[in-house]
Amino acid sequence: MTSYDPDRHGPVRLVGPGFHARVHALLRLVPAGSVTTYGDLAGALGSRTIARQVGFALAALPPDSRVPWHRVVDGSGRLTGAGSARAREQAARLRAEGIGVAGGRVVGFAARRHVFPAADPRPRGAGR
DNA sequence: CGGCTGACGACCT
DNA sequence: GAGGTCGCCAGCC
């Protein structure tokens with residue numbers, strides 16, 4: 001009880017088989033010079049509560065994937081895993097696209113934040 | 001077929 | 001501002 005039974009109530013679940021590929025596809029829509037966040041990707045997929053799941057999805061990306069994973073930063077505009085080789089490469093790639101990175105954080109993050117087309121009209125209090 | 005891996009966000013104190 | 005807790009896993013070895 002108290003547990004939602006998708007087998008009875010329906011696909012209430014936003015995540016599911018293929019969720020991973022969905023994240024990758026969505027991320028590929030982000031143009032160079034722009035950045036997005038795990039939360040924004042999650043929100044575009046239905047709910048921000050799955051932000052962590054989005055992170056897991058990116059973690060599973062193959063090294064040769066053409067998904068611009070480096071354009072994904074956290075909600076504060078900071079690169080995750082600061083200090084790690086991954087974060088350093090991310091910073092290098094962002095700079096290569098003209099995006100400044102200082103202190104492990106994207107310079108002018110808010111202005112470079114990409115906006116995904118709203119797939120579902122959701123009552124949002126005038127943007128954060 | 002079982003077990004491990006792995007990149008956040010919101011809220012509370 | 002900082003620290004801790006809880007919250008929809010799927011994919012690969």
Side-chain angles (χ1 to χ4, degrees):
Chain A
M1 93 100 130
T2 66
S3 295
Y4 283 107
D5 205 309
D7 195 45
R8 299 182 42 156
H9 295 132
V12 184
R13 171 181 289 178
L14 296 173
V15 181
F19 170 77
H20 194 250
R22 221 169 295 143
V23 174
H24 299 168
L26 185 60
L27 180 52
R28 290 181 89 167
L29 300 180
V30 180
S34 293
V35 296
T36 187
T37 73
Y38 299 91
D40 284 356
L41 285 168
L45 290 172
S47 175
R48 305 175 57 116
T49 60
I50 62 176
R52 200 182 217 222
Q53 235 52 352
V54 171
F56 290 162
L58 296 187
L61 272 168
D64 65 323
S65 109
R66 283 176 279 170
V67 177
W69 58 268
H70 59 278
R71 291 177 195 150
V72 185
V73 296
D74 67 17
S76 300
R78 284 185 274 182
L79 284 65
T80 54
S84 72
R86 183 153 38 231
R88 280 187 284 109
E89 181 164 323
Q90 180 173 16
R93 291 197 182 195
L94 289 175
R95 285 171 183 153
E97 294 185 354
I99 299 176
V101 180
R105 195 176 128 240
V106 174
V107 179
F109 166 60
R112 289 191 180 277
R113 195 170 184 170
H114 182 257
V115 180
F116 289 98
D120 276 271
R122 270 223 261 142
R124 292 247 145 209
R128 257 275 303 152

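Lettering follows sequence order; numbering is per chain, from 1.
- Of the residues in residues 89-109 of chain A, not one places a heavy atom less than 4.0 Å from an atom of DNA chain C.
- Distances shorter than 4.0 Å separate some side-chain N or O of A:R48 from OP1 or OP2 on B:dA10.
- One P atom belongs to C:dG7, the other to B:dG6, and the distance between them is 23 Å to the nearest Å.
- Under the ring pair (Phe, Tyr, Trp, His ring centres under 6.0 Å) criterion, A:H70 pairs with no residue, sequence neighbours left out.
- Of the two residues contacting DNA chain C, namely A:H20 and A:A51, the nearest-nucleotide position lying further toward the 5' end is that of A:A51.
- Residue A:V107 shares its hydrophobic cluster (ILVMFWY side chains chained together at separations under 4.5 Å) with no other residue.
- Among residue pairs with one or both ends in residues 56-84 of chain A, those qualifying as salt bridge (charged side-chain N to carboxylate O under 4.0 Å, His left out) are A:R71-A:E97; sequence neighbours excluded.
- Within the structure, salt bridge (charged side-chain N to carboxylate O under 4.0 Å, His left out) contacts touching residues 49-62 of chain A (residues at least two apart or in different chains) do not occur.
- In this structure A:L61 satisfies the side-chain contact (heavy atoms from CB on, under 4.5 Å) test together with A:H24, A:L58, A:S65, A:V67, A:W69, sequence neighbours excluded.
- Following rounding to the nearest Å, A:D40 (CG) and B:dC8 (P) show an atom-to-atom distance of 15 Å.
- Remark: A:R52 is not in phosphate contact with B:dT5, judged by side-chain N or O atoms under 4.0 Å from OP1 or OP2.
- Taking atom CD of residue A:Q53 and atom P of nucleotide B:dG6, one finds them 15 Å apart after rounding to whole Å.
- In this entry the distance linking OH of A:Y38 with C1' of C:dC9 reads 17 Å, nearest Å.
- A straight line from CD1 of A:I50 to P of B:dG6 spans 21 Å, rounded to a whole angstrom.
- A:R28 meets the salt bridge (Lys or Arg N to Asp or Glu O under 4.0 Å) test with no other residue; sequence neighbours excluded.
- Rounded to whole angstrom, the span from the CZ atom of A:F19 across to the P atom of C:dC9 amounts to 11 Å.
- At least one donor-acceptor pair closer than 3.5 Å links the side chain of A:Q90 to the backbone N or O of A:V72.
- Remark: A:F56, A:L58, A:A59, A:D74, A:G75, A:T80 in residues 56-81 of chain A come within less than 4.0 Å of DNA chain B through at least one heavy atom.
- Residues forming a side-chain contact (heavy atoms from CB on, under 4.5 Å) with A:R95 (at least two apart in sequence, or on another chain): A:A91, A:V101.
- For A:H114 (side chain) and A:T36 (main-chain N/O), no donor-acceptor pair under 3.5 Å exists by modelled atom type.
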